[in-house]
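Worksheet for the structure shown next.
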Amino acid sequence: MGGTSIIRTDAFFKPAAYPIPDKSGEITFVLTRFNATYQGAIRGISDINFKSDRFEEGIVGGTSLTYSGAFTENFEGYAVDNYNFPKYLNYAHVGNRYWQVKSFSSNKYIQLTANGGAANTPYTNYFMVPVNFTAANTLTFKVNVGFYNGAALKVYTTTNYTPGNSITTATLNDITSNFTIPTTPTSGYGTLTSAGTYSLPTSLTGNGFIVFKYEGNSSGITTTYQLDDITVN
């Protein structure tokens, strides 16, 4: 991950110029060496197989995704300030801010805010929880806000997102209105309380994700959100 290599064409490569496809995939090449530098020599266009979607930048975690129909995540098993969750996707789509584990009164939760960023800097993050929707019946979670100055949290379901791809390739179903999201206090912090229980539609089947989207701006909506006890039954 993140490495580089020198790739060149050899005498068998016919095109004078060839635009590399804006996709991801595989390159077959002959390994050569020039002095102390290893190089890959491409023999023809057929050696370039870039047909898959590119891997999106900004995605952390997701190395141990499990699609379950019953679980509770209370974040107690993670260290404070952790933002890498093997069981979930922490996806900074715009900006570089992630949901992080925080602690108050011996209770851990995840938190995100646009407050304190560089002037006029947008932040959009998706915290994505894998779910077996065929087996799941309900969703509930606790939520708290701090220094509320506008709504920045939405909740979605999706069944056609492929981990590693851009979120723009997925269909997101907005279920935010089924929950009670606090709009106070405007100064200081409230307390973590249940956002309510949402009955997942029986028509919602297969593997997919519950998606918590934060969208704010350091010069606009900077509300802090805290999430805890994400429960699917």
Side-chain angles (χ1 to χ4, degrees), residues 53 55-62 65-75 83 85-95 97-100 109-114 122-145 148 150-183 192-217 220-221 223-233:
D53 292 330
F55 295 104
E56 182 78 349
E57 295 181 358
I59 300 176
V60 176
L65 295 178
T66 300
Y67 298 87
S68 174
F71 61 88
T72 295
E73 179 54 75
N74 59 18
F75 301 103
Y83 65 95
F85 303 91
K87 296 190 294 185
Y88 314 114
L89 298 174
N90 200 359
Y91 180 3
H93 182 59
V94 178
R97 292 203 170 181
Y98 294 88
W99 290 93
Q100 287 185 290
Y109 48 87
I110 56 172
Q111 176 174 298
L112 184 59
T113 183
Y123 298 100
T124 302
N125 179 288
Y126 298 85
F127 190 79
M128 308 184 70
V129 180
V131 176
N132 178 344
F133 287 116
T134 302
N137 295 303
T138 61
L139 166 66
T140 186
F141 59 92
K142 290 181 180 178
V143 61
N144 182 32
V145 303
Y148 182 90
L153 180 69
K154 289 188 176 181
V155 188
Y156 302 89
T157 60
T158 182
T159 56
N160 66 350
Y161 174 72
T162 300
N165 286 2
S166 170
I167 193 68
T168 59
T169 65
T171 302
L172 300 180
N173 176 45
D174 192 342
I175 59 172
T176 311
S177 62
N178 295 280
F179 300 100
T180 301
I181 310 295
T183 57
L192 281 160
T193 56
S194 175
T197 300
Y198 172 60
S199 295
L200 298 164
T202 57
S203 58
L204 185 61
T205 59
N207 290 337
F209 291 87
I210 300 293
V211 181
F212 297 92
K213 177 186 179 183
Y214 181 96
E215 186 172 19
N217 190 301
I221 295 176
T223 305
T224 299
Y225 284 87
Q226 300 169 349
L227 299 176
D228 198 8
D229 295 336
I230 300 171
T231 302
V232 169
N233 281 315

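All values derive from a computational prediction rather than experimental measurement. Atom set for the values below is all heavy atoms of this structure, side chains included, hydrogens, waters and symmetry mates excluded.
Closest approach of L192 and Q226 over heavy atoms only: CD2-O, 3.7 Å. Residues V232 and G69 share a closest heavy-atom pair of CG1-O, 3.5 Å.
Considering D229, D228, T231, N233 in turn, T231 is the only one that fulfils the side-chain hydrogen bond (donor to acceptor under 3.5 Å, both in side chains) rule with T72.
Distance alone, capped at 3.5 Å, places no donor-acceptor pair between the T205 side chain and the F133 backbone. Checking side-chain atoms of Y214 against main-chain N and O of W99 turns up no donor-acceptor pair under 3.5 Å. A donor-acceptor pair under 3.5 Å is absent between the side-chain atoms of N90 and the main chain of G61, judged by distance alone. A distance-only check finds a donor-acceptor pair linking the side chain of T134 to the backbone of G206 [under 3.5 Å].
For Y83, the OH atom counts as loosely surrounded, since its 6.0 Å shell holds 12 or fewer non-hydrogen atoms of other residues, nucleotides or ligands.
Between Y88 and F127, the ring planes lie tilted relative to each other; the angle falls in the 30° to 60° range.
Using modelled atom types and a 3.5 Å distance limit, the side chains of N173 and T171 yield no donor-acceptor pair.
Side-chain contact check for I230 versus F75: some heavy-atom pair is nearer than 4.5 Å. Between Y91 and S166 the shortest side-chain heavy-atom distance falls below 4.5 Å.
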Report the C-alpha distance between T66 and S68 in whole Å, list the side-chain angles of each, state the deciding distance to 0.1 Å, and finish with yes or no for side chain to side chain donor-acceptor pair (under 3.5 Å). CA-CA 6 Å; T66 300; S68 174; over 6 Å; no
Could you go step by step and tell me if F212 and F141 meet the ring pair (Phe, Tyr, Trp, His ring centres under 6.0 Å) rule? CA-CA 11 Å; F212 297 92; F141 59 92; 5.1 Å; yes
Using the ring pair (Phe, Tyr, Trp, His ring centres under 6.0 Å) rule, take Y126 and F209 through it: C-alpha gap first, then chi angles, then the decisive distance, then the call. CA-CA 11 Å; Y126 298 85; F209 291 87; over 10 Å; no
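Annotation: the span from L139 atom CG to F179 atom CZ amounts to 4.0 Å, rounded to 0.5 Å. Atom CG of L112 sits about 11.0 Å away from atom OG1 of T223, to the nearest 0.5 Å.
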